[in-house]
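Here's the structure, in structure tokens; my notes come after.
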Amino acid sequence: SDSHFPVPTSPIHVDYSLHYPQIFSSGQVGSARRIQFADIGCGFGGLLITLSTLFPDTLMIGMELRDKVTEYVKERILALRVSNPGQYQNVSVVRTNSMKYIPNYFEKGQLSKMFFLFPDPHFKEKNHRRRVISPHLLDEYAYALQVNGIIYTITDVEELGEWMKACLEDHPMFEPLTDEELKADPVVGLLSSATEEGQKVDRNGGQTFQAVFRRIGMADSV
Ligand code: SAM
């Protein structure tokens, strides 16, 4: 249960030195350099590992509910840091329930990218409230994202893909990227190719459904 992992009371209490020890000295909180990418339900961490070297100056974090999976990702990052000195210092993972604690980790307008890749489908109507994309949670994501920040979603479950797209289309703070923008964004292709779930779907010849939206600025809040 949630009582088994600590939760920072607010984003300034997130200890960056635990996550990025080479970049932050011990005990430093409320640092100037902030996390910009969040992979929600990061699983085994494949996307983050790829993004770490692609965006070496950007701090990124995975949020994962399962304890053992989180420990695996931690070990994976530590091993990569050891075998590639100076690299993978910008990537970390935390065990948490992202549906409850996003505001504890990120300040308003902090994130430039959020990822929701192959989330659990929760098929039954009564379980839709447990989906990680919902009208209510999109309010929180819009708060954490900066203006022009991007939210990436992908799934192999068509019904969930339609749900996530509809939630984003209906939300006043998001607009879809154009086809040209999708083609120009090097991250879009990684949603399938760099994630463990995407690779599995690919091996089985399955279809995927993606929705990539931009956080827009309202006239009174830009
Ligand atoms: N994104 C990864 C990928 O594409 O390979 C993993 C996809 S896996 C099907 C979904 C992951 O989301 C699981 O590892 C699960 O433990 C995690 N998860 C589910 N609910 C969560 C929550 N409320 N907070 C954080 N992680 C969650």
Side-chain angles (χ1 to χ4, degrees), residues 1-8 11 14 19 35 37-52 54 60-77 80 91-106 111 113-124 126-141 143-145 150-161 163-165 167-168 187-213:
S1 84
D2 290 358
S3 58
H4 295 300
F5 53 83
V7 176
V14 178
H19 291 288
I35 295 167
F37 295 176
D39 186 358
I40 310 301
C42 67
F44 297 103
L47 178 87
L48 287 166
I49 300 295
T50 304
L51 291 177
S52 171
L54 206 57
M60 51 192 80
I61 200 158
M63 299 188 134
E64 172 53 52
L65 190 57
R66 286 181 293 170
D67 189 25
K68 284 200 173 132
V69 177
T70 311
E71 287 306 311
Y72 169 87
V73 178
K74 269 188 204 162
E75 293 298 322
R76 189 176 177 185
I77 293 167
L80 283 165
V91 59
S92 189
V93 66
V94 67
R95 180 179 178 218
T96 200
N97 184 344
S98 69
M99 295 178 75
K100 286 186 170 178
Y101 299 123
I102 292 269
N104 296 66
Y105 280 89
F106 308 116
L111 298 173
K113 295 185 192 300
M114 291 185 89
F115 298 93
F116 298 85
L117 310 184
F118 301 95
D120 299 326
H122 299 297
F123 285 106
K124 290 185 191 148
K126 73 173 169 50
N127 287 335
H128 285 181
R129 64 191 168 78
R130 284 156 62 179
R131 287 178 163 169
V132 287
I133 298 285
S134 69
H136 155 68
L137 286 169
L138 281 179
D139 292 342
E140 279 190 11
Y141 306 154
Y143 176 85
L145 278 166
I150 298 179
I151 186 165
Y152 299 82
T153 73
I154 192 168
T155 177
D156 57 330
V157 179
E158 185 167 11
E159 184 211 323
L160 177 64
W163 161 275
M164 294 196 290
K165 196 169 165 195
C167 288
L168 283 158
V187 173
V188 170
L190 300 175
L191 305 182
S192 266
S193 69
T195 52
E196 281 74 11
E197 278 303 315
Q199 290 163 4
K200 207 190 312 176
V201 173
D202 204 38
R203 276 197 301 279
N204 298 331
Q207 242 191 307
T208 55
F209 309 89
Q210 70 178 33
V212 181
F213 278 63

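As the structure lists them, so they are numbered: ligands from 1, and atoms in each ligand from 1.
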Report task. Examine distances only and state if a side-chain atom of Asn97 and a backbone atom of Met99 form a donor-acceptor pair shorter than 3.5 Å. Result -> yes
Requested in this report: Examine the proximity of ligand 1 to Thr96 and report which part, side chain or backbone, both or neither, has a heavy atom under 4.0 Å away.
Outcome: backbone
Query raised in the report: Should you measure from each heavy atom of Asn97, which atoms of ligand 1 turn up under 4.0 Å away?
Result: 22 (C), 23 (N), 24 (N)
Between [options], which one has a non-hydrogen atom sitting closest to [atom]?
atom	options	value
atom 13 (C) of ligand 1	Arg66, Met63, Lys68	Arg66
atom 5 (O) of ligand 1	Met99, Glu197, Lys200	Glu197
atom 4 (O) of ligand 1	Val201, Ile154, Val132, Leu117	Leu117

Please report which non-hydrogen protein atom sits nearest to [atom], along with the residue it belongs to and the distance in Å to one decimal place.
atom	result
atom 11 (C) of ligand 1	Gly41 O, 3.6 Å
atom 9 (C) of ligand 1	Phe118 O, 3.0 Å
atom 24 (N) of ligand 1	Ser98 N, 3.0 Å
atom 27 (C) of ligand 1	Leu65 CB, 3.6 Å

Query raised in the report: Below 4.0 Å from any atom of ligand 1, is there a heavy atom belonging to Asp120?
Result: yes
Query raised in the report: Has Gly198 got any heavy atom lying under 4.0 angstrom from an atom of ligand 1?
Result: no
